[in-house]
Novice: 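Structure in structure tokens, see below.
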2 protein chains.
Amino acid sequence: MARKKEFDPEERMEKARDLFWQKGYNATSMEDLVQTMGLNRGSIYDTYGDKHSLYLQCLGNYAAEKLREHKEAAMGTSPIEKVENMILSVVEATVNTGKCCMAVNSTFELATVDQSVHSIINNNWKDIVNFFEQLLTDAREVGEISADKDPRLLAEFIAANFTGLWQTYILSRDKKQVEKLAQFLIGMIKN
Amino acid sequence: MARKKEFDPEERMEKARDLFWQKGYNATSMEDLVQTMGLNRGSIYDTYGDKHSLYLQCLGNYAAEKLREHKEAAMGTSPIEKVENMILSVVEATVNTGKCCMAVNSTFELATVDQSVHSIINNNWKDIVNFFEQLLTDAREVGEISADKDPRLLAEFIAANFTGLWQTYILSRDKKQVEKLAQFLIGMIKN
DNA sequence: TACTATTTAGAACGTTTGTTCCAAAATATT
DNA sequence: AATATTTTGGAACAAACGTTCTAAATAGTA
């Protein structure tokens, strides 16, 4: 029998993912990936396929992890508290790491021209909106938000606002600014 | 004396701008630009400088035109009506052309790594927010929005929501979906 | 009409791109 | 210890990249 892989494919993929996350798809070269992943060209092609295929795997990995993190952040004793904590957790992660959402970056760089990318992001987006919708439906049943509000629409509104928060952060690089906007959003949901 | 330019530099730049708008900076090659602008390589370099310089001019041109369009869309007999019409006009332009905001695309593709790009977009962003702020201040004085609302914060919130609307449109490609979100935003502003 | 400054078209430049290939190194089993 | 199988590092590839350069075409002036 032959050798086994000397590296952990998942671990090295995360290095690639972080690089794509930071630089974007087109600005990241194969040479960059070889350096950052600490792998040989051949090993990369053998393990992940070509650059585009590797990117899709990174994006899928990111999307799955992000959804998990959203659900983890949904702590609290009441549905609306869970929604609030999810929003605050996104803001916290953004200002702590200085990085915005890879899926959103990818939306604006690639989703209009790359069907595979669009599909991955859109599914992830729907998952997140669905999760919000469930929480908001619960919140309405408990009477935390008024009965005349549409949970689906509100869920989409919150998700769309994340993107607005990220853009604001990229331009302002101002932690407090983003926190203020998030609090404003939370206030709007509750009333 | 010598020849004069046979083409209109501004008109050709707009062709380049539309291409960058559609494909993004990195995915647009100099060869693409030569074809689309209908100009010789030498003429491009001579008139606009290198690719990056041409891009900055396109982005600046776009930003100025966008601000002008925003102000033009601010029609109405009352301040809040002007704000509402600005929002509706953005949605209309988006679903009619199928294109989102070039500056927002650029924000997520380049603004984190390119200082010149960041500067152009940030200034344009501030101009738009300032314009909203003025209208909302007027609206508050007239009593169209409640006195406890901060015009500046509300202005930033609306501007951030544009980005959310664009992202929603890219993913859903659903005119009605975006219009619903816009109406929801307008409702939130008024209450 | 001759002259001259400038634009024009496209060849050519050296890099960098993504990808493939191959010989050498390595390891789990026999 | 020998064998078999796979990984590994790096050379090699053609194509595409952004940019520069040159020679011919052009048009305003004298």
Side-chain angles (χ1 to χ4, degrees), chain A residues 1-61 105-106 109-110 113-117 120, chain B residues 1-60 105-106 109-110 113-117:
Chain A
M1 279 295 154
R3 299 170 59 184
K4 284 181 181 169
K5 272 202 162 58
E6 289 188 351
F7 62 90
D8 177 3
E10 177 109 356
E11 175 213 325
R12 299 300 173 109
M13 183 175 70
E14 284 171 11
K15 293 196 180 239
R17 183 201 60 186
D18 289 348
L19 189 64
F20 279 131
W21 192 350
Q22 186 207 320
K23 303 189 66 171
Y25 176 73
N26 284 304
T28 302
S29 72
M30 217 57 206
E31 180 59 27
D32 290 335
L33 290 164
V34 167
Q35 298 302 326
T36 303
M37 297 173 81
L39 287 180
N40 182 269
R41 298 175 118 74
S43 304
I44 296 177
Y45 276 87
D46 186 70
T47 309
Y48 309 98
D50 64 13
K51 184 190 173 189
H52 187 255
S53 168
L54 171 58
Y55 182 77
L56 293 182
Q57 292 167 61
C58 289
L59 191 58
N61 167 290
N105 295 349
S106 191
E109 188 193 356
L110 301 172
V113 291
D114 188 321
Q115 177 54 47
S116 309
V117 167
I120 292 171
Chain B
M1 279 293 159
R3 301 170 60 184
K4 284 181 180 169
K5 273 203 164 57
E6 291 188 350
F7 61 91
D8 176 3
E10 178 108 355
E11 174 213 327
R12 300 299 174 111
M13 184 176 69
E14 285 172 11
K15 293 194 180 245
R17 182 201 61 185
D18 289 348
L19 189 64
F20 280 131
W21 192 351
Q22 185 206 322
K23 303 190 66 171
Y25 177 73
N26 284 303
T28 302
S29 72
M30 216 56 203
E31 180 59 27
D32 290 335
L33 290 165
V34 168
Q35 298 303 326
T36 302
M37 298 174 81
L39 287 180
N40 183 267
R41 297 175 117 74
S43 303
I44 296 176
Y45 277 87
D46 186 70
T47 309
Y48 309 98
D50 63 13
K51 183 189 172 188
H52 188 255
S53 168
L54 171 58
Y55 182 78
L56 294 182
Q57 292 167 63
C58 290
L59 192 58
N105 296 349
S106 191
E109 189 193 355
L110 300 171
V113 292
D114 188 322
Q115 177 55 46
S116 309
V117 167

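These numbers come from the heavy atoms of this one structure, side chains and all, not from hydrogens, waters or symmetry mates.
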Novice: Examine K51(A) relative to F20(A) and say whether NZ or CZ is less than 6.0 Å from the centre of the six-membered ring and inside a 45° cone about the ring axis.
Specialist: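 Cation-pi check for K51(A) and F20(A): fails.
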Novice: For the side chain of Q57(A) and the backbone of M13(A), is there at least one donor-acceptor N/O pair under 3.5 Å apart?
Specialist: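 No; judged by distance alone, with no hydrogens or angles, the pair does not exist.
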Novice: Is it the case that atom CD in E10(A) sees more than 12 heavy atoms from other parts of the structure closer than 6.0 Å?
Specialist: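 Atom CD in E10(A) is not crowded, with 12 or fewer foreign heavy atoms closer than 6.0 Å.
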Novice: So, does S43(A) get its side chain near the phosphate of dT8(D), meaning an N or O under 4.0 Å from OP1 or OP2?
Specialist: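 Checking dT8(D) against S43(A), a side-chain N or O does come within under 4.0 Å of OP1 or OP2.
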Novice: R41(B) CZ to dA12(C) P: how many Å, rounded?
Specialist: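 Rounded to whole Å, this separation is 14 Å.
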Novice: Could you check which residues of residues 20-40 of chain A get a heavy atom under 4.0 Å from DNA chain C? Sort them by number, please.
Specialist: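 Output list: T28(A), S29(A), M30(A).
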Novice: Going by atom types alone, do S53(A) and D50(A) pair a side-chain donor with an acceptor below 3.5 Å?
Specialist: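 Looking only at side-chain atoms, D50(A) and S53(A) do not form any donor-acceptor pair under 3.5 Å.
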Novice: Please check if atom NZ in K15(A) has more than 12 non-hydrogen atoms from other residues, nucleotides or ligands closer than 6.0 Å.
Specialist: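 Incorrect, the count does not exceed 12.
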Novice: Given atom CG of D46(A) and atom P of dC21(C), what is their separation to the nearest angstrom?
Specialist: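 D46(A) atom CG is separated from dC21(C) atom P by 13 Å.
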Novice: Can you tell if the side chain of E109(A) reaches within under 4.5 Å of the side chain of N26(A), non-hydrogen atoms only?
Specialist: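 Result yes, sub-4.5 Å side-chain heavy-atom pair found.
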Novice: I need the residues from residues 48-58 of chain B with at least one non-hydrogen atom less than 4.0 Å from DNA chain D; give them sorted by number, or say none.
Specialist: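 Contacting residues: D50(B), K51(B).
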Novice: Rounded off to whole Å, could you give me the OH-to-P distance for the Y45(B) and dC17(D) pair?
Specialist: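 After rounding, the reported distance stands at 12 Å.
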Novice: Apply side-chain contact (heavy atoms from CB on, under 4.5 Å) to residues F7(B) and T47(B) and explain how you reach the verdict.
Specialist: CA-CA 11 Å; F7(B) 61 91; T47(B) 309; 3.6 Å; yes
Novice: Give me the one residue out of T28(B), D18(B), L19(B) that meets side-chain contact (heavy atoms from CB on, under 4.5 Å) with T36(B).
Specialist: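 Single side-chain contact (heavy atoms from CB on, under 4.5 Å) partner of T36(B) among T28(B), D18(B), L19(B): L19(B).
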